[in-house]
2 protein chains.
Amino acid sequence: MATTTAAQRRQEARQEYDAFMAACPSRQLLDRLSDKWVGLVLSALADGERRYSEVSRRIAGVSQKMLTQTLRNLERDGILIRSITPSVPVRVGYQLTPLGESLLPVVQAVKDWAEAHMDEVDAARDHYDEVNRRASSHG
Amino acid sequence: MATTTAAQRRQEARQEYDAFMAACPSRQLLDRLSDKWVGLVLSALADGERRYSEVSRRIAGVSQKMLTQTLRNLERDGILIRSITPSVPVRVGYQLTPLGESLLPVVQAVKDWAEAHMDEVDAARDHYDEVNRRASSHG
DNA sequence: CCGTATCCAAAAGGATACTG
DNA sequence: CAGTATCCTTTTGGATACGG
């Protein structure tokens, strides 16, 4: 039947693409690494095991929900280990696995690049905004 | 006046924190780098200047809106240059700046880590899901 | 060819209340 | 202490139509 519309065909093509992209190894992990709090959690655990409340205080601005979610995702990915001491009150510690530690220098490299080039980026933004502001009001 | 509620005070504290966080150099750039399409755009331009349509075809799944938005942000940050040839039809090319090229190895490092450790992460996920599935149905 | 503008759906993320 | 569950706002991103 020729009842497939152009929109339907485009939709199908997009789904095939999505399946391809979902199968792409680096994309899956890049998505996880860009999870907003992952970098900070990794940094918080760089020096060894920390309790939930310690991580929470170190990162400060993170909500309970997002911190737990991030920690669970990283645990699931084998980046960190969650260990529960069944005392009262219960004590929960998080520490990086060897896999997590291997990721640390990569995250650090991104952070280092950011800190090293922040001035350049700021200058570029100011310049861009200036030029753009003039262009908007030039008549 | 003592009409400030606990919620209000918490809100103010949060805003102070946000201002502090917003001022943190690495966070601003980490946010930009995690913009979903940034990595792919950078890779697409790794070999030199490309036209808009070339980049679009290389990345495939990206919508016109997101591609343009990503390119504009990166241009604003001084990561790439946009050059317009006023022919008919107009021809627009994008190429990395030296700053953008300095970022390339960092992005590549993340991608390399992802590809190198994808198997471990997959195995960890399977294990986690397996254990979790059992825990859910153990009684 | 290379966009911009608008509308709308989905996902991310915070606030709050409650639990073992 | 260390969460879970729910509600609600904000953000993100795709579809579509239109402009230079």
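Proteins come first, then strands; the chains are lettered A, B, ... in the order of their sequence lines, and each starts at number 1.
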Quiz item: Would you find a donor on one side and an acceptor on the other, under 3.5 Å apart, between the side chain of B/S56 and the backbone of B/Y52?
Solution: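 Judged by distance alone, no pair lies under 3.5 Å.
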
OP1 or OP2 of [N] under 4.0 Å from side-chain N/O of [X]:
X: A/S53; N: D/dA2; result: yes
X: A/R82; N: D/dA2; result: no
X: A/R51; N: D/dC1; result: no
X: A/Y52; N: D/dT4; result: no
X: B/Y94; N: C/dC2; result: no

May I have the distance from [X] (atom [atom1]) to [N] (atom [atom2]), rounded to whole angstrom?
X: B/N132; N: D/dT4; atom1: CG; atom2: P; answer: 10 Å
X: B/I84; N: C/dT4; atom1: CD1; atom2: P; answer: 10 Å
X: B/W37; N: D/dG13; atom1: CH2; atom2: C1'; answer: 10 Å
X: B/M66; N: C/dA10; atom1: CE; atom2: C1'; answer: 14 Å
X: B/R72; N: C/dA5; atom1: CZ; atom2: P; answer: 11 Å
X: B/I59; N: D/dG14; atom1: CD1; atom2: P; answer: 12 Å
X: B/L67; N: C/dC2; atom1: CG; atom2: P; answer: 11 Å
X: A/N73; N: C/dG13; atom1: CG; atom2: P; answer: 10 Å

Q.
Within the structure provided, determine whether B/R82 and B/L71 are in side-chain contact (heavy-atom separation under 4.5 Å).
A.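 The answer is no, as the side chains (C-beta and beyond) never meet within the 4.5 Å cut-off.
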
Testing the 3.5 Å rule here: is there a donor-acceptor pair between the side chains of A/D112 and A/Q108?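 Side-chain D/A pair, A/D112 to A/Q108: present.
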
Side-chain contact check for B/T68: nearest option of D/dG14, C/dG3, D/dA2 is C/dG3

From the candidates D/dG3, D/dT6, D/dA2, the one with an atom nearest any side-chain atom of A/K65 is D/dT6

State the OH-CG distance between A/Y94 and A/L67, to the nearest 0.5 angstrom.
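The OH atom of A/Y94 sits 7.5 Å away from the CG atom of A/L67.
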
Distance col, row B/D122:CG vs B/H117:NE2, nearest 0.5 angstrom, shows 13.5 Å

_Categorize A/Q64 for me: base, sugar-phosphate, or nothing, with a 4.0 angstrom heavy-atom threshold over every strand shown._
base

Per nearest nucleotide of DNA chain C, the residue lying toward the 5' end, A/Q69 or B/V90, is B/V90

